[in-house]
Amino acid sequence: MAFVYEEMGEEGVELIKSLNLPTPAGCGSGVYFDNYPSWPESEWVIDREKQLYFFEMCGRGSQKDEPPIYCCLVWGKTPIRLDAYRSGKGDYQVGVEITWEVVNIYAPKELMDLSKEEIVSTIKEAFIAHAHEDNLNIKGVDFPNMATPRFCDSEEVWTLG
């Protein structure tokens, strides 16, 4: 099965609440799902067969002098933090080329059995599926800058940067 874009639903909200993700620096304080978003209509990209869940958390991420867009890829029950910048060229009548620059990938050491190549490949698949939300006219998705995953202690994942 591949990634699909869909509403989280109550089950998805509960799964993410169970991770107790801190809100990334620069996006407020507290636990991510205490304030934003906590409704089941929130959307994510999911591969149910592989138990992979991808969603944007917060951030601006269109200019390098702004905070990035903070994203999360949950691998099974283990969250990976992704810091990224997004831009696009074109219009939705003709088609849009989306560019994602993933500048940081912080993965907990629990995932060290996975190859960095597998993690990066999965991240690209998730971003591509995410770009096609709402069946917009997307001509392509490019990754000119893709960070190498950095393995760290679980408690550091959301505090580094």
Should [X] and [Y] count as side-chain neighbours, where that means a heavy-atom distance under 4.5 Å?
X	Y	result
Lys116	Phe151	yes
Trp75	Thr122	yes
Phe143	Ile128	yes
Ile105	Thr148	no
Lys77	Leu15	yes

Worked check of side-chain contact (heavy atoms from CB on, under 4.5 Å) between Val45 and Phe127: CA-CA 9 Å; Val45 176; Phe127 274 109; over 6 Å; no
If I take atom [atom1] from residue [X] and atom [atom2] from residue [Y], how far apart are they, to the nearest 0.5 angstrom?
X	Y	atom1	atom2	result
Arg150	Arg81	CZ	CZ	9.5 Å
Lys109	Leu111	NZ	CG	12.5 Å
Gln51	Glu49	CD	CD	10.5 Å
Arg86	Glu101	CZ	CD	13.0 Å
Leu52	Glu125	CG	CD	8.5 Å
Asp153	Glu110	CG	CD	8.0 Å

Is Glu155 atom CD crowded by more than 12 heavy atoms from other residues, nucleotides or ligands, each under 6.0 Å away?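 Counting other residues, nucleotides and ligands, CD of Glu155 exceeds 12 neighbours.
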If you look at every heavy atom in [X] and [Y], which pair is closest and at what distance?
X	Y	value
Val157	Ala107	CG2-C, 4.3 Å
Pro144	Trp100	CD-O, 3.5 Å
Pro79	Leu19	CD-CD2, 4.4 Å
Ala147	Val120	O-CG2, 4.0 Å
Gly12	Trp44	CA-CH2, 3.5 Å
Phe54	Leu82	CE1-CD1, 3.7 Å

Any chance you could lay out the side-chain contact (heavy atoms from CB on, under 4.5 Å) test for Tyr53 and Ile16, step after step, and finish with the verdict? CA-CA 9 Å; Tyr53 314 91; Ile16 293 176; 5.7 Å; no
